[in-house]
Trainee: 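This is the structure I want to talk about, given as structure tokens.
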Amino acid sequence: MRIARFSIDGNVAFGAVEGDKPDELVLDIIKGIPFADFELSGTKVPLSKVRLLPPVLPNKVVAFGRNYAEHARELGNEVPDAPFAFFKPSTSVIGPGDEIQYPSFTEDLHHEAELAVVIGRMCREVPRERVKDVIFGYTCANDITARDVQKREKQWARAKGFDSSCPLGPWVETGLDVAAAGDLTIQLTVNGEQRQLGRTSEMIHPIEDLIVNITEAMTLLPGDVILTGTPAGVGPLTVGDEVAVTIEGIGTLTNKVVKRG
């Protein structure tokens, strides 16, 4: 099932996305919230009539860096022996169609296409064999990065945590198991030109290891998001660019880069 979060006539709701053709998709509005038992209302609205929002509002976004060997090497970094985590604040999250605002403090803004894991239940110290039980689903992400700031500053808080640096969407796909999610095509285009192309099977540390690693340290809450790393091919964005992340079996997340006002 594809679960979207959207607004219509000033109201915000969740809905199940139905249909196969992009111009014929509809939303069956959900009674309640998707992280608990819910029912479909049977009230349906065309996707074209709503504004898609970030599919979840995470309490925290835990991102793992250098989790694809070729990406680590393209930036001159060593491949880490263990998962390497950092955070993006909730205020960095935007949804499909929202604008990526080019910050004034950088001159080298980069895209990073990523598979995002959405957590479905409160969890801590999750054993590897139980990881599947705490995952709600998967969505597309773009870990927008001020590369020059990242290189200059020891901490990545500003380089990767600024407002609009974490596009998520277009919805959460709940029908993938961990094995399937671990072998999907992931690609990114800028103005229709392919920049990144890889498979999630190229991760150094798979999804299970990432969740085991972070829950050893902290509690995850429903709606929290795990970013799993980016394949090689990262590169610069400029004002006016349209950047699109497409992940097999999930969908396409598209955003435009604008100058921060």
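Residue numbers run from 1 in the order of the sequence given. Remember, it's a predicted structure, so these values are computed and weren't measured experimentally.
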Trainee: Which residue, Ile247, Ile226, Thr139, forms the side chain to side chain contact (heavy atoms under 4.5 Å, CB included) with Leu115?
Mentor: Ile247
Trainee: Which atoms form the tightest heavy-atom contact between Ala116 and Leu227, and what is the distance?
Mentor: CB-CD2, 3.8 Å
Trainee: As a quick check of understanding, evaluate side-chain contact (heavy atoms from CB on, under 4.5 Å) for Phe64 and Asp209, giving each step before the final call.
Mentor: CA-CA 11 Å; Phe64 285 91; Asp209 291 354; over 6 Å; no
Trainee: Does a sphere of radius 6.0 Å around CD in Gln155 hold more than 12 heavy atoms from other residues, nucleotides or ligands, not counting ones at 6.0 Å or beyond?
Mentor: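 No - once you tally the heavy atoms of other residues, nucleotides and ligands closer than 6.0 Å, there are 12 at most.
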Trainee: More than 12 non-hydrogen atoms from neighbouring residues, nucleotides or ligands closer than 6.0 Å to CE on Met218, yes or no?
Mentor: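 Count over threshold, so yes.
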Trainee: Is there a side-chain contact (heavy atoms from CB on, under 4.5 Å) between Asp28 and Ser41 once you walk through the steps?
Mentor: CA-CA 7 Å; Asp28 192 336; Ser41 68; 3.7 Å; yes
Trainee: More than 12 heavy atoms of other residues, nucleotides or ligands under 6.0 Å from CZ of Arg128: yes or no?
Mentor: yes
Trainee: Kindly check if the number of other-residue, nucleotide or ligand heavy atoms within 6.0 Å of CG (Asp177) is above 12?
Mentor: yes
Trainee: Might you point out which heavy atoms bring Gly95 and Pro54 nearest each other, and give the distance in Å?
Mentor: N-CG, 3.4 Å
Trainee: Grouping I, L, V, M, F, W and Y whenever their side-chain heavy atoms are under 4.5 Å apart, do Val126 and Val117 come out in a common cluster?
Mentor: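 Hydrophobic grouping puts Val126 with Val117.
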Trainee: Might you point out which heavy atoms bring Pro236 and Asp241 nearest each other, and give the distance in Å?
Mentor: O-OD2, 4.5 Å
Trainee: With a 6.0 Å cut-off (strictly less than), is the heavy-atom count around NZ of Lys132, excluding the residue itself, greater than 12?
Mentor: yes
Trainee: Decide whether Gln196 and His111 meet the rule of one side-chain donor and one side-chain acceptor closer than 3.5 Å.
Mentor: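 The criterion, which ignores hydrogens and geometry beyond distance, is satisfied for His111 and Gln196.
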Trainee: Are Val257 and Val234 connected in the hydrophobic side-chain network, where two residues link if heavy atoms are under 4.5 Å apart?
Mentor: no
Trainee: Is the number of heavy atoms from other residues, nucleotides or ligands within 6.0 Å of CG (Asp37) greater than 12?
Mentor: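 No - once you tally the heavy atoms of other residues, nucleotides and ligands closer than 6.0 Å, there are 12 at most.
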Trainee: Any chance CZ of Arg124 has more than 12 other-residue heavy atoms, nucleotides or ligands included, within less than 6.0 Å?
Mentor: no
Trainee: Would a 4.5 Å heavy-atom cut-off, applied to side chains only, mark Asp133 and Arg121 as touching?
Mentor: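 The answer is yes; the side chains approach within 4.5 Å.
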Trainee: Step by step, would you call Asn142 with Asn255 a side-chain contact (heavy atoms from CB on, under 4.5 Å)?
Mentor: CA-CA 9 Å; Asn142 199 341; Asn255 301 91; 5.6 Å; no
Trainee: How about CD on Glu18, more than 12 heavy atoms from neighbouring residues, nucleotides or ligands closer than 6.0 Å, or not?
Mentor: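 Yes, CD of Glu18 has more than 12 neighbouring heavy atoms, counting only those of other groups under 6.0 Å.
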